[in-house]
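Read the numbers this way: they start at 1 and go in the same order the structure lists the ligands and their atoms.
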Amino acid sequence: MKKNILITGGAGFIGSHTYIALVAAGYVPIILDNFCNSNPIVLERLERISHLQLKFIKGDIRDSKLLGKIFLDYNISSVIHFAGLKSVGESVEKPLEYYDNNIIGTLNLLMAMRSANIQTLVFSSSATVYGNPVSAPISENFARCATNPYGRSKLIIENILEDVYQSEPGWNIACLRYFNPVGAHRSGLIGEDPLGIPNNLMPYIAQVAIGRRDHLNVFGGDYPTHDGTGVRDFIHVMDLAEGHVAALEYLYSKRGMLTVNLGTGHGVSVLQMIQAFEQASGMKVSYKIVNRRPGDVAECWADTTLAEQKMGWVARRSLQEICEDAWRWQSNNPNGFNS
Ligand code: NAD
Ligand code: UFG
C-alpha cells in the first residue's frame, strides 16, 4: 500500500519540489503549511505537474490539536519537516520568533508524533551547523557551532533529535544538512520566490537577468579562493528533493538515526555562477564587487561520501542544468508566483 507522508512547510521552495519527488517515487504526500513564507498558487502548480489532486491543510505546526487531527485523519506513516523560518539576518533581529517557530514548532511536532505513535522523521538541517568550518570539503564529523539564532535553532533541534532517538526506542530519524539549494523544477512552474529583496545569490542573479534589479553586489573579491569570490556547494533542488526520498527509504529499510550532508561535493565561486547563468540564459548579469558580507565564510562545500555510502544517493544535475532550470522558472514567472 502507498505510504502517506506529512510534509510540513510543503508549500515552500524545497518542500514543493520534494512533493513532486515523493509522488514520482509512489508516496502520497500531504502538505501542511501556514503560508508565512509561501504562496497558495504553488498548490495549483503542483497539481498541474503531478496530475493528481493535492491533499493540503492550512495551519501551523505549533497547533497541537490540528497535528493530532491530521495524524488521525490521514494515517500518516512518517513526517518530512521543512516548516521553519530561514533567514539568517532576520533571525538576528527577531531571535524569539525564530526560536518559537523553529524550536517550539519542532517540539510540538515531536510530541504530537509520539502521541500518534509515528516515529519516522526527516528533518531539514543545514550546513549552517558547521559555523565557520576550518576547511572544505566538510564532513559530518566536523565540529558544530552556531553563529546566529537561525543556525542555533538548527543545532538545538539536531541535539533534541539525538536525545529523543537515544531515549525512546523505535524512532527513525534523518537529519539532512543541506548546502546551497538552487534551480527549479524543469517544468518552469515552481521555483524559488523570495519575498522582497533576495538574500541569496541565485534568486538575485535571476532577478538581475530578468531586469527586476539593476546589478548584483558581489560580496567580497579578496577571499583566498581561486578568483577571490566566495565558493559554495550549489545543489539542484530536485537532487535535494530526491535526497529526501532516499532518506525515507533508508529509514524504512535500515531504521535508526542518520545525519548526512546533501550537496554536490564541488565548490563553485560567485563569479563562476554568474558566468554559468549568463551562458544558460543568454542574458547579461551586471555586477559590482563590494565589501564582504559580515558572517560569510570563504569556502563551504560538502564531503558527500556518507550520503552515497548510506543511501546510495548522489547529486546528478549539472551547474548548466541548475542555471537553465532557474532561468526557465524566472523567465516564465518574472514576478514569481504572482506574475
Ligand atoms: P521556505 O520558506 O520556502 O519554506 C518553508 C515553508 O514552511 C514555507 O512555506 C512557510 O510558509 C512554512 N512555515 C514556516 N513556519 C511554519 C509554521 N510554523 N507552520 C506551518 N508552516 C510553516 O524555505 P525552504 O528554502 O523551502 O526551506 C525549507 C527548510 O529547509 C527550512 O527548515 C530551512 O531552514 C531549511 N534549509 C533551507 C536552506 C535554503 O537555502 N533554502 C538551506 C538549509 C536548510
Ligand atoms: N552573495 C553575493 N551577493 C548576493 C548574495 C550572495 O555575492 O547578493 C555571495 C555570498 O557572499 C556567498 C555566496 O554568494 O559567497 C552564496 O551566498 P548565499 O546567501 O546564496 O548563501 P550562503 O552560503 O551565504 O547561505 C546559505 C543559506 C543559509 C545558511 C548558509 C550556511 O542561505 O540559510 O548557507 O549553510 F545558513
_Does the residue Ser125 have a heavy-atom contact with ligand 1, meaning some pair of atoms that are separated by less than 4.0 Å?_
yes
_Take a 6.0 Å sphere around CD of Gln320 and say whether it holds more than 12 heavy atoms from other residues, nucleotides or ligands._
no
*N or O contact, Phe82 vs ligand 1, cut-off under 3.5 Å*: yes
*Atom indices of ligand 1 within 4.0 angstrom of Phe35 heavy atoms, with elements*: 11 (O)
*Is it the case that Ser139 and Asp303 place a side-chain donor and acceptor less than 3.5 Å from each other?*
no
*Under 4.5 Å between side-chain heavy atoms, hopping through other hydrophobics if needed: is there a path connecting Ile5 to Leu258?*
yes
*Qualifying residue for ring pair (Phe, Tyr, Trp, His ring centres under 6.0 Å) with His244, from Tyr250, Tyr178, Phe123, Tyr27*: Tyr178
*Qualifying residue, where the test is side chain to side chain donor-acceptor pair (under 3.5 Å) with Ser153 and the options are Asp100, Asn102, Asn101*: Asn102
*For Arg62, look at atom CZ and say whether over 12 heavy atoms of other residues, nucleotides or ligands are found less than 6.0 Å away.*
yes
*For ligand 1, indicate whether the residue Asp60 contacts it via side chain, backbone, both or neither (heavy-atom separation under 4.0 Å).*
both
*Among protein heavy atoms, which sits nearest to atom 22 (C) of ligand 1, and what does the distance come to when rounded to 0.1 Å?*
Asn34 OD1, 3.1 Å
*Compare Ser38, Ala11, Cys36, Ser16 and give the one whose heavy atom is closest to atom 14 (C) of ligand 1.*
Cys36
*Pull out every atom of ligand 1 sitting under 4.0 Å from any heavy atom of Asn37, numbered as shown with elements.*
1 (P), 2 (O), 10 (C), 11 (O)
*Shortest non-hydrogen contact between Glu140 and Tyr130, atoms and distance*: CA-OH, 3.3 Å
*For atom 25 (O) of ligand 1, which of Lys86, Lys58, Met202, Lys154 has the closest heavy atom?*
Lys86
_Distance under 4.0 Å to a non-hydrogen atom of Ser124: what atoms of ligand 1 satisfy this?_
29 (C), 30 (O), 32 (O), 35 (C)
*Taking only heavy atoms of Thr128 into account, list the atoms of ligand 2 that are under 4.0 Å away from them.*
31 (C), 35 (O), 36 (F)
_Does either side chain, that of Asn39 or that of Asp193, offer a donor lying less than 3.5 Å from an acceptor on the other one?_
no
*Report, in ascending order of atom number, the atoms of ligand 1 lying under 4.0 Å from any heavy atom of Arg62.*
18 (N)
*asked:* I need the contact type for Asn217 against ligand 2. Using non-hydrogen atoms and a strict under-4.0 Å cut-off, is it side chain, backbone, both or neither?
replied: backbone
*May I ask you to decide whether Arg144 forms a salt bridge with Glu158, counting only side-chain N to carboxylate O separations under 4.0 Å?*
yes
*So between Tyr178, Phe179, Phe13, whose heavy atom ends up nearest atom 36 (N) of ligand 1?*
Tyr178
*Begin with the C-alpha distance, continue with both residues' side-chain angles, and end with the deciding distance and a verdict on ring pair (Phe, Tyr, Trp, His ring centres under 6.0 Å) for Phe337 and Trp329.*
CA-CA 10 Å; Phe337 286 110; Trp329 156 248; 4.9 Å; yes
*asked:* So is Ser126 touching ligand 2 or not, going by heavy atoms under 4.0 Å?
replied: yes
*Between Arg316 and Glu242, is there a salt bridge with N-O shorter than 4.0 Å?*
yes
*asked:* Distance under 4.0 Å to a non-hydrogen atom of Asn199: what atoms of ligand 2 satisfy this?
replied: 5 (C), 19 (O)
*Which of the numbered atoms in ligand 2 are below 4.0 angstrom from a heavy atom of Asn180?*
21 (O), 22 (P), 23 (O), 26 (C)
*Which of the numbered atoms in ligand 1 are below 4.0 angstrom from a heavy atom of Asn101?*
15 (N), 16 (C), 17 (C), 18 (N)
_Ligand-residue contact atoms, ligand 2 with Leu216, heavy atoms, under 4.0 Å_ = 3 (N), 4 (C), 8 (O)
*asked:* Looking at ligand 2, is there an atom of it that comes within less than 4.0 Å of some heavy atom belonging to Tyr150?
replied: yes
*For atom 19 (N) of ligand 1, which candidate among Ile61, Asn199, Ile235, Thr106 provides the closest heavy atom?*
Ile61
*Give the numbers and elements of all ligand 2 atoms closer than 4.0 Å to a heavy atom of Gly230.*
15 (O)
_Region of Tyr150 engaging ligand 1 - heavy atom pairs below 4.0 Å_ = side chain
*Residue, atom name and distance, where the atom is the protein heavy atom closest to atom 8 (C) of ligand 1*: Asp33 OD2, 3.6 Å
*Which residue owns the protein heavy atom closest to atom 20 (O) of ligand 2, what's the atom, and how far is it?*
Leu201 N, 2.9 Å
*Test item: protein heavy atom less than 4.0 Å from atom 30 (C) of ligand 2*: no
*Any idea which of Gly59, Gly9, Gly15, Gly10 brings a heavy atom closest to atom 20 (C) of ligand 1?*
Gly59
*Consider only side-chain N and O atoms of His185 and Asp325, and report whether a donor and an acceptor are under 3.5 Å apart.*
no
